[in-house]
Amino acid sequence: MTLVSQLSNPRSYAVIGTGALGGFYGAKLQKSGLDVHFLLRSDYDWVSQHGLQIESVWGDFQLPQVPAYNNPQKMPPCDVVIVAIKSTENHLLPQILPPVLKPDGVVLVLQNGLGIEPEIAEIVGNHRVLGGICVICSNKIKPGYIRHLDYGMMKLAEYNHNYQSGGITPRLQQIGEDFKKAGVPLDIAEDLLSIRWEKLVWNIPYNGLSVVLNARTDQMMSNPATRVLVEEIMGEVLEGAKGCDRFLEREIINQMLSHTETMTPYKTSMKIDYDQRRPLEIDAILGNPLKMATAGGVHLPRIQMLYQQLKFLDTQNCP
Ligand SMILES: NC(=O)C1=CN([C@@H]2O[C@H](COP(=O)(O)OP(=O)(O)OC[C@H]3O[C@@H](n4cnc5c(N)ncnc54)[C@H](OP(=O)(O)O)[C@@H]3O)[C@@H](O)[C@H]2O)C=CC1
Ligand SMILES: CC(C)(CO)C(=O)C(=O)O
(Lines give C-alpha, C1' and ligand atoms only; values in the text may rest on other atoms or scores of the structure.)
(Ligands and ions follow the chains in the order given, each with its own letter.)
Protein backbone atom coordinates (compact mmCIF):
# COMPACT_ATOMS: atom_id res chain seq x y z
CA MET A 1 0.00 0.00 0.00
CA THR A 2 1.44 3.36 -1.06
CA LEU A 3 1.63 6.04 1.63
CA VAL A 4 0.07 9.14 0.14
CA SER A 5 -0.69 12.59 1.45
CA GLN A 6 -4.17 14.00 2.07
CA LEU A 7 -5.19 17.03 0.06
CA SER A 8 -7.05 20.04 1.45
CA ASN A 9 -10.75 20.40 0.83
CA PRO A 10 -11.56 22.21 -1.43
CA ARG A 11 -8.42 21.77 -3.46
CA SER A 12 -6.53 24.59 -5.16
CA TYR A 13 -5.09 24.07 -8.64
CA ALA A 14 -2.16 25.49 -10.60
CA VAL A 15 -2.07 25.12 -14.37
CA ILE A 16 1.47 25.09 -15.77
CA GLY A 17 0.97 25.99 -19.43
CA THR A 18 -2.33 27.69 -20.24
CA GLY A 19 -2.69 26.44 -23.80
CA ALA A 20 -5.10 24.15 -25.66
CA LEU A 21 -5.18 21.53 -22.91
CA GLY A 22 -4.32 23.37 -19.68
CA GLY A 23 -6.37 26.41 -20.61
CA PHE A 24 -9.43 24.30 -21.36
CA TYR A 25 -9.38 22.02 -18.30
CA GLY A 26 -8.22 24.82 -16.00
CA ALA A 27 -11.06 27.05 -17.20
CA LYS A 28 -13.57 24.22 -16.59
CA LEU A 29 -12.25 23.83 -13.03
CA GLN A 30 -12.39 27.56 -12.34
CA LYS A 31 -15.91 27.80 -13.79
CA SER A 32 -17.00 25.06 -11.38
CA GLY A 33 -15.95 27.31 -8.49
CA LEU A 34 -12.46 26.03 -7.69
CA ASP A 35 -9.46 28.23 -6.99
CA VAL A 36 -7.28 27.89 -10.14
CA HIS A 37 -4.03 29.75 -10.87
CA PHE A 38 -2.72 29.93 -14.43
CA LEU A 39 0.94 30.17 -15.46
CA LEU A 40 1.43 31.72 -18.89
CA ARG A 41 4.29 32.81 -21.09
CA SER A 42 3.62 34.76 -24.31
CA ASP A 43 -0.10 35.19 -23.56
CA TYR A 44 0.38 36.60 -20.07
CA ASP A 45 -0.40 40.27 -20.86
CA TRP A 46 -3.52 39.44 -22.82
CA VAL A 47 -4.93 36.88 -20.37
CA SER A 48 -4.22 38.97 -17.28
CA GLN A 49 -6.29 41.77 -18.86
CA HIS A 50 -9.02 39.84 -20.68
CA GLY A 51 -9.18 36.40 -19.08
CA LEU A 52 -9.92 33.22 -21.03
CA GLN A 53 -12.46 32.54 -23.72
CA ILE A 54 -13.50 28.96 -24.41
CA GLU A 55 -15.26 27.90 -27.58
CA SER A 56 -16.35 24.35 -26.91
CA VAL A 57 -18.52 21.59 -28.32
CA TRP A 58 -19.75 21.27 -24.72
CA GLY A 59 -20.82 24.94 -24.65
CA ASP A 60 -18.92 28.21 -25.02
CA PHE A 61 -18.03 30.30 -21.99
CA GLN A 62 -15.86 33.16 -20.91
CA LEU A 63 -13.87 33.83 -17.75
CA PRO A 64 -13.27 37.60 -17.92
CA GLN A 65 -10.83 37.42 -15.01
CA VAL A 66 -8.44 34.64 -14.09
CA PRO A 67 -5.50 34.60 -11.66
CA ALA A 68 -2.73 34.82 -14.27
CA TYR A 69 1.03 34.71 -13.63
CA ASN A 70 4.18 34.88 -15.70
CA ASN A 71 6.46 33.80 -12.88
CA PRO A 72 5.99 30.64 -10.79
CA GLN A 73 7.61 32.38 -7.78
CA LYS A 74 4.60 34.72 -7.64
CA MET A 75 2.04 31.89 -7.59
CA PRO A 76 0.55 30.60 -4.34
CA PRO A 77 1.50 27.00 -3.50
CA CYS A 78 -1.36 24.75 -4.66
CA ASP A 79 -2.71 21.29 -3.83
CA VAL A 80 -2.70 20.05 -7.41
CA VAL A 81 -0.25 21.29 -10.03
CA ILE A 82 -1.28 20.35 -13.57
CA VAL A 83 1.59 20.02 -16.05
CA ALA A 84 0.27 21.11 -19.46
CA ILE A 85 3.24 22.64 -21.26
CA LYS A 86 4.60 20.65 -24.20
CA SER A 87 6.98 17.95 -22.99
CA THR A 88 9.73 19.56 -25.11
CA GLU A 89 9.78 22.30 -22.43
CA ASN A 90 10.04 19.95 -19.45
CA HIS A 91 13.65 20.92 -18.75
CA LEU A 92 12.09 24.05 -17.15
CA LEU A 93 10.11 22.07 -14.57
CA PRO A 94 12.84 21.86 -11.88
CA GLN A 95 12.54 25.68 -11.58
CA ILE A 96 8.77 25.89 -12.06
CA LEU A 97 7.35 23.14 -9.85
CA PRO A 98 8.85 23.56 -6.35
CA PRO A 99 7.45 27.06 -5.60
CA VAL A 100 3.98 26.18 -6.91
CA LEU A 101 3.49 22.98 -4.94
CA LYS A 102 2.15 22.83 -1.36
CA PRO A 103 4.17 20.60 1.01
CA ASP A 104 1.46 17.94 0.69
CA GLY A 105 0.52 18.81 -2.87
CA VAL A 106 0.71 16.62 -5.94
CA VAL A 107 1.70 17.08 -9.57
CA LEU A 108 -0.73 15.83 -12.22
CA VAL A 109 0.94 15.20 -15.60
CA LEU A 110 -1.54 15.54 -18.47
CA GLN A 111 1.00 15.53 -21.30
CA ASN A 112 0.98 12.93 -24.06
CA GLY A 113 3.57 10.18 -24.01
CA LEU A 114 5.44 8.05 -21.53
CA GLY A 115 8.31 8.41 -19.07
CA ILE A 116 7.56 11.91 -17.81
CA GLU A 117 6.27 10.98 -14.36
CA PRO A 118 9.60 9.42 -13.24
CA GLU A 119 11.37 12.66 -14.24
CA ILE A 120 8.89 14.69 -12.19
CA ALA A 121 9.20 12.34 -9.21
CA GLU A 122 12.94 13.18 -9.30
CA ILE A 123 12.03 16.86 -8.82
CA VAL A 124 9.20 16.69 -6.27
CA GLY A 125 9.74 13.30 -4.64
CA ASN A 126 8.06 9.95 -4.85
CA HIS A 127 4.38 9.55 -4.05
CA ARG A 128 3.64 13.10 -5.19
CA VAL A 129 2.95 12.43 -8.85
CA LEU A 130 -0.19 11.41 -10.72
CA GLY A 131 -0.60 11.02 -14.45
CA GLY A 132 -3.48 11.21 -16.84
CA ILE A 133 -4.36 10.77 -20.45
CA CYS A 134 -6.71 13.20 -22.16
CA VAL A 135 -8.69 12.21 -25.20
CA ILE A 136 -9.45 15.68 -26.45
CA CYS A 137 -9.05 17.68 -29.63
CA SER A 138 -8.36 21.22 -28.54
CA ASN A 139 -6.39 24.09 -30.08
CA LYS A 140 -5.27 27.46 -28.82
CA ILE A 141 -6.12 29.71 -31.73
CA LYS A 142 -5.01 33.07 -30.31
CA PRO A 143 -3.98 34.43 -26.90
CA GLY A 144 -6.51 33.42 -24.28
CA TYR A 145 -8.81 31.82 -26.87
CA ILE A 146 -9.19 28.05 -26.83
CA ARG A 147 -11.23 26.05 -29.28
CA HIS A 148 -12.35 22.64 -27.98
CA LEU A 149 -13.33 20.71 -31.10
CA ASP A 150 -14.14 17.19 -29.96
CA TYR A 151 -14.11 14.61 -27.12
CA GLY A 152 -12.63 15.62 -23.75
CA MET A 153 -12.57 12.57 -21.52
CA MET A 154 -9.72 11.86 -19.12
CA LYS A 155 -8.29 8.85 -17.32
CA LEU A 156 -6.21 9.51 -14.22
CA ALA A 157 -3.97 7.25 -12.15
CA GLU A 158 -1.35 7.37 -9.39
CA TYR A 159 2.30 7.14 -10.41
CA ASN A 160 4.40 4.68 -8.42
CA HIS A 161 8.16 4.07 -8.71
CA ASN A 162 8.98 2.31 -12.02
CA TYR A 163 5.32 2.52 -13.05
CA GLN A 164 4.22 -0.18 -10.62
CA SER A 165 0.46 -0.11 -10.31
CA GLY A 166 -0.51 2.65 -7.85
CA GLY A 167 -4.06 1.56 -7.01
CA ILE A 168 -6.97 3.86 -6.23
CA THR A 169 -6.14 6.37 -3.50
CA PRO A 170 -8.46 8.88 -1.78
CA ARG A 171 -6.60 11.81 -3.36
CA LEU A 172 -6.99 10.30 -6.81
CA GLN A 173 -10.73 10.00 -6.16
CA GLN A 174 -10.91 13.58 -4.87
CA ILE A 175 -9.18 15.01 -7.93
CA GLY A 176 -11.38 12.86 -10.16
CA GLU A 177 -14.47 14.28 -8.40
CA ASP A 178 -13.25 17.84 -9.00
CA PHE A 179 -13.02 17.23 -12.74
CA LYS A 180 -16.36 15.42 -12.84
CA LYS A 181 -18.07 18.29 -11.00
CA ALA A 182 -16.53 20.59 -13.60
CA GLY A 183 -18.29 18.55 -16.30
CA VAL A 184 -15.34 16.51 -17.54
CA PRO A 185 -16.08 12.82 -18.23
CA LEU A 186 -13.45 10.90 -16.31
CA ASP A 187 -12.31 7.46 -15.22
CA ILE A 188 -9.82 6.71 -12.52
CA ALA A 189 -7.53 3.78 -13.16
CA GLU A 190 -5.36 1.52 -11.01
CA ASP A 191 -2.47 1.28 -13.43
CA LEU A 192 -0.93 4.34 -15.07
CA LEU A 193 1.37 2.38 -17.37
CA SER A 194 -1.58 0.57 -18.99
CA ILE A 195 -3.48 3.76 -19.74
CA ARG A 196 -0.37 5.46 -21.09
CA TRP A 197 0.33 2.55 -23.50
CA GLU A 198 -3.35 2.51 -24.46
CA LYS A 199 -3.21 6.19 -25.50
CA LEU A 200 0.02 5.55 -27.41
CA VAL A 201 -1.84 3.10 -29.67
CA TRP A 202 -3.33 6.28 -31.17
CA ASN A 203 -0.58 8.82 -30.71
CA ILE A 204 2.40 6.85 -32.04
CA PRO A 205 1.00 6.10 -35.51
CA TYR A 206 -1.14 9.16 -36.10
CA ASN A 207 1.07 11.85 -34.57
CA GLY A 208 4.21 10.37 -36.12
CA LEU A 209 2.83 9.65 -39.57
CA SER A 210 0.93 12.93 -39.81
CA VAL A 211 4.31 14.71 -39.88
CA VAL A 212 6.24 12.24 -42.04
CA LEU A 213 3.40 11.92 -44.57
CA ASN A 214 2.17 15.51 -44.30
CA ALA A 215 -1.35 14.17 -43.77
CA ARG A 216 -4.51 14.58 -41.74
CA THR A 217 -6.22 11.60 -40.09
CA ASP A 218 -8.81 11.23 -42.90
CA GLN A 219 -6.06 11.15 -45.54
CA MET A 220 -4.17 8.42 -43.66
CA MET A 221 -7.36 6.38 -43.26
CA SER A 222 -8.64 6.65 -46.83
CA ASN A 223 -5.46 5.40 -48.49
CA PRO A 224 -5.21 1.56 -48.24
CA ALA A 225 -1.40 1.62 -47.92
CA THR A 226 -1.28 4.07 -45.04
CA ARG A 227 -4.29 2.48 -43.31
CA VAL A 228 -2.40 -0.81 -43.20
CA LEU A 229 0.71 1.00 -41.99
CA VAL A 230 -1.25 2.64 -39.15
CA GLU A 231 -2.63 -0.78 -38.18
CA GLU A 232 0.81 -2.40 -38.25
CA ILE A 233 2.28 0.36 -36.09
CA MET A 234 -0.60 -0.04 -33.65
CA GLY A 235 0.27 -3.75 -33.48
CA GLU A 236 3.83 -2.82 -32.56
CA VAL A 237 2.58 -0.54 -29.78
CA LEU A 238 0.80 -3.56 -28.28
CA GLU A 239 4.09 -5.48 -28.49
CA GLY A 240 5.87 -2.62 -26.74
CA ALA A 241 3.30 -2.71 -23.95
CA LYS A 242 3.89 -6.47 -23.61
CA GLY A 243 7.59 -5.72 -23.13
CA CYS A 244 6.47 -3.72 -20.06
CA ASP A 245 4.20 -6.56 -18.87
CA ARG A 246 1.05 -4.76 -19.92
CA PHE A 247 -1.33 -6.71 -22.11
CA LEU A 248 -3.79 -4.64 -24.12
CA GLU A 249 -6.65 -6.33 -25.95
CA ARG A 250 -6.11 -6.50 -29.73
CA GLU A 251 -9.65 -5.20 -30.11
CA ILE A 252 -8.37 -1.73 -29.14
CA ILE A 253 -6.79 -1.51 -32.62
CA ASN A 254 -10.11 -2.02 -34.40
CA GLN A 255 -11.79 0.43 -32.04
CA MET A 256 -9.20 3.14 -32.70
CA LEU A 257 -9.22 2.57 -36.46
CA SER A 258 -12.99 2.74 -36.81
CA HIS A 259 -13.19 5.64 -34.39
CA THR A 260 -10.63 7.62 -36.39
CA GLU A 261 -12.46 6.83 -39.62
CA THR A 262 -15.61 8.50 -38.31
CA MET A 263 -13.85 11.40 -36.61
CA THR A 264 -13.82 14.91 -38.12
CA PRO A 265 -10.66 15.23 -40.29
CA TYR A 266 -8.01 16.11 -37.73
CA LYS A 267 -4.53 17.57 -37.82
CA THR A 268 -2.61 15.98 -34.93
CA SER A 269 -0.95 18.08 -32.28
CA MET A 270 2.47 16.97 -33.55
CA LYS A 271 1.59 18.11 -37.07
CA ILE A 272 0.39 21.47 -35.75
CA ASP A 273 3.71 21.86 -33.92
CA TYR A 274 5.63 20.91 -37.06
CA ASP A 275 3.72 23.38 -39.23
CA GLN A 276 4.32 26.13 -36.68
CA ARG A 277 8.02 25.21 -36.56
CA ARG A 278 7.89 24.22 -32.89
CA PRO A 279 9.94 21.33 -31.50
CA LEU A 280 8.12 17.98 -31.64
CA GLU A 281 7.27 15.78 -28.65
CA ILE A 282 9.20 12.89 -30.21
CA ASP A 283 10.95 11.69 -27.08
CA ALA A 284 7.85 11.48 -24.91
CA ILE A 285 5.63 9.96 -27.62
CA LEU A 286 8.07 7.64 -29.42
CA GLY A 287 11.55 7.71 -27.84
CA ASN A 288 10.62 6.78 -24.27
CA PRO A 289 8.20 4.00 -25.30
CA LEU A 290 10.95 2.60 -27.56
CA LYS A 291 13.43 2.68 -24.65
CA MET A 292 11.01 0.93 -22.31
CA ALA A 293 10.15 -1.71 -24.92
CA THR A 294 13.84 -2.31 -25.66
CA ALA A 295 14.53 -2.69 -21.93
CA GLY A 296 11.83 -5.38 -21.94
CA GLY A 297 13.55 -7.17 -24.83
CA VAL A 298 11.10 -6.05 -27.54
CA HIS A 299 12.22 -4.59 -30.88
CA LEU A 300 9.74 -2.35 -32.71
CA PRO A 301 11.20 -1.76 -36.20
CA ARG A 302 8.45 0.39 -37.69
CA ILE A 303 8.27 2.67 -34.65
CA GLN A 304 12.07 2.85 -34.56
CA MET A 305 12.08 4.00 -38.20
CA LEU A 306 9.32 6.52 -37.57
CA TYR A 307 11.30 7.86 -34.62
CA GLN A 308 14.44 8.29 -36.74
CA GLN A 309 12.54 10.02 -39.54
CA LEU A 310 10.89 12.40 -37.09
CA LYS A 311 14.24 13.21 -35.46
CA PHE A 312 15.57 14.16 -38.89
CA LEU A 313 12.56 16.31 -39.79
CA ASP A 314 12.54 18.00 -36.38
CA THR A 315 16.21 18.96 -36.69
CA GLN A 316 15.62 20.38 -40.17
CA ASN A 317 12.54 22.26 -38.98
CA CYS A 318 13.94 23.64 -35.70
CA PRO A 319 17.73 23.69 -36.09
N1 LIG B 1 -4.29 19.90 -27.55
C2 LIG B 1 -4.80 18.69 -27.43
O3 LIG B 1 -5.92 18.43 -27.91
C4 LIG B 1 -4.08 17.64 -26.68
C5 LIG B 1 -2.84 17.87 -26.10
N6 LIG B 1 -2.25 16.87 -25.37
C7 LIG B 1 -0.95 17.10 -24.75
O8 LIG B 1 -1.03 18.18 -23.83
C9 LIG B 1 0.23 18.85 -23.71
C10 LIG B 1 0.03 20.34 -23.95
O11 LIG B 1 -0.36 20.49 -25.30
P12 LIG B 1 -1.22 21.72 -25.84
O13 LIG B 1 -2.05 22.28 -24.75
O14 LIG B 1 -1.86 21.27 -27.09
O15 LIG B 1 -0.06 22.76 -26.18
P16 LIG B 1 -0.16 24.35 -26.32
O17 LIG B 1 1.07 24.77 -27.05
O18 LIG B 1 -1.49 24.76 -26.84
O19 LIG B 1 -0.08 24.84 -24.81
C20 LIG B 1 1.09 24.85 -24.06
C21 LIG B 1 1.13 26.21 -23.37
O22 LIG B 1 2.20 26.18 -22.43
C23 LIG B 1 2.78 27.46 -22.45
N24 LIG B 1 4.14 27.41 -21.92
C25 LIG B 1 5.20 26.80 -22.43
N26 LIG B 1 6.29 27.00 -21.64
C27 LIG B 1 5.87 27.78 -20.63
C28 LIG B 1 6.51 28.35 -19.51
N29 LIG B 1 7.82 28.16 -19.28
N30 LIG B 1 5.79 29.09 -18.66
C31 LIG B 1 4.48 29.30 -18.88
N32 LIG B 1 3.81 28.79 -19.93
C33 LIG B 1 4.51 28.04 -20.80
C34 LIG B 1 2.78 27.85 -23.91
O35 LIG B 1 2.95 29.24 -24.01
P36 LIG B 1 3.51 29.95 -25.35
O37 LIG B 1 2.28 30.39 -26.07
O38 LIG B 1 4.35 31.05 -24.84
O39 LIG B 1 4.29 28.90 -26.10
C40 LIG B 1 1.41 27.36 -24.34
O41 LIG B 1 0.41 28.34 -24.19
C42 LIG B 1 1.14 18.17 -24.73
O43 LIG B 1 1.90 17.17 -24.10
C44 LIG B 1 0.15 17.52 -25.72
O45 LIG B 1 0.69 16.40 -26.39
C46 LIG B 1 -2.86 15.67 -25.13
C47 LIG B 1 -4.08 15.41 -25.67
C48 LIG B 1 -4.74 16.32 -26.55
C1 LIG C 1 -5.66 11.61 -29.74
C2 LIG C 1 -5.64 13.12 -29.84
C3 LIG C 1 -6.15 13.53 -31.17
C4 LIG C 1 -6.68 13.63 -28.90
O5 LIG C 1 -6.52 13.19 -27.66
C6 LIG C 1 -4.25 13.63 -29.48
O7 LIG C 1 -3.79 13.27 -28.44
C8 LIG C 1 -3.35 14.45 -30.32
O9 LIG C 1 -3.66 15.02 -31.35
O10 LIG C 1 -2.18 14.52 -29.91
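Whatever order the structure lists them in is the order used to number ligands and atoms, beginning at 1. This chain uses plain numbering: 1 for the first residue, then up along the sequence. Predicted, not measured: the structure shown is a model, and the values here were computed from it.
At a heavy-atom cutoff of 4.0 Å, ligand 1 is contacted by the side chain of L92 but not by its backbone. With a 4.0 Å heavy-atom cut-off, ligand 1 is reached by the backbone of C137 but not by any atom from C-beta on. Neither the backbone nor the side chain of I16 comes within contact range of ligand 1; no heavy atom lies under 4.0 Å. Residue contacts with ligand 1, taken as heavy atom pairs separated by less than 4.0 Å, do not involve N70 at all. Only the side chain of K199 comes within 4.0 Å of ligand 1, counting heavy atoms alone; its backbone N, CA, C and O stay farther away. Contacts with ligand 1 closer than 4.0 Å are made by side-chain heavy atoms of K140 only, the backbone lying farther away.
For N90 and Q111, the side-chain atoms include at least one donor-acceptor pair closer than 3.5 Å. No hydrogens or angles considered: a donor-acceptor pair under 3.5 Å links the side chains of E117 and Y163. Remark: the H37 side chain and the Y13 side chain contain no N/O donor-acceptor pair separated by less than 3.5 Å.
Residue N112 approaches ligand 1 through these ligand atoms, each under 4.0 Å from one of its heavy atoms: 6 (N), 7 (C), 43 (O), 44 (C), 45 (O), 46 (C), 47 (C). Residue-ligand proximity, C134 to ligand 1, at heavy-atom distances under 4.0 Å covers atoms 47 (C). The ligand atoms of ligand 1 that sit less than 4.0 angstrom from a heavy atom of L39 are 30 (N), 31 (C), 32 (N). Taking a cut-off of under 4.0 Å to the non-hydrogen atoms of T18, the atoms of ligand 1 that pass are 41 (O). Distances below 4.0 Å separate heavy atoms of Q111 from the following atoms of ligand 1: 43 (O).
The pair R128-D104 fails the salt-bridge criterion, with no side-chain N (NZ, NE, NH1 or NH2) lying under 4.0 Å from an Asp/Glu carboxylate O. With respect to the salt-bridge test (charged N to carboxylate O, under 4.0 angstrom), the residues D273 and R278 qualify.
Looking at D43 next to ligand 1, no N or O pair under 3.5 Å apart turns up. Between S269 and ligand 1, a contact under 3.5 Å exists for no N or O pair.
The closest non-hydrogen atom to atom 5 (C) of ligand 1, taken over L21, N71, D273, I136, comes from L21. Of the candidates S42, P72, A20, G144, A20 brings a heavy atom nearest to atom 14 (O) of ligand 1.
Placement of I141 and L63 in two distinct hydrophobic clusters is found when ILVMFWY residues are connected by side-chain heavy-atom separations under 4.5 Å, directly or transitively.
In this pair, H259 and Y151 present their aromatic rings tilted. The plane angle is within the 30 to 60° band.
Aromatic pair F24/W58: centroids less than 6.0 angstrom apart.
A search for salt bridge (charged side-chain N to carboxylate O under 4.0 Å, His left out) contacts involving K31 returns nothing, not counting sequence neighbours.
Cation-pi check for K271 over Y274 is not met; the charged atom does not lie both under 6.0 angstrom from the ring centroid and within 45 degrees of its normal.
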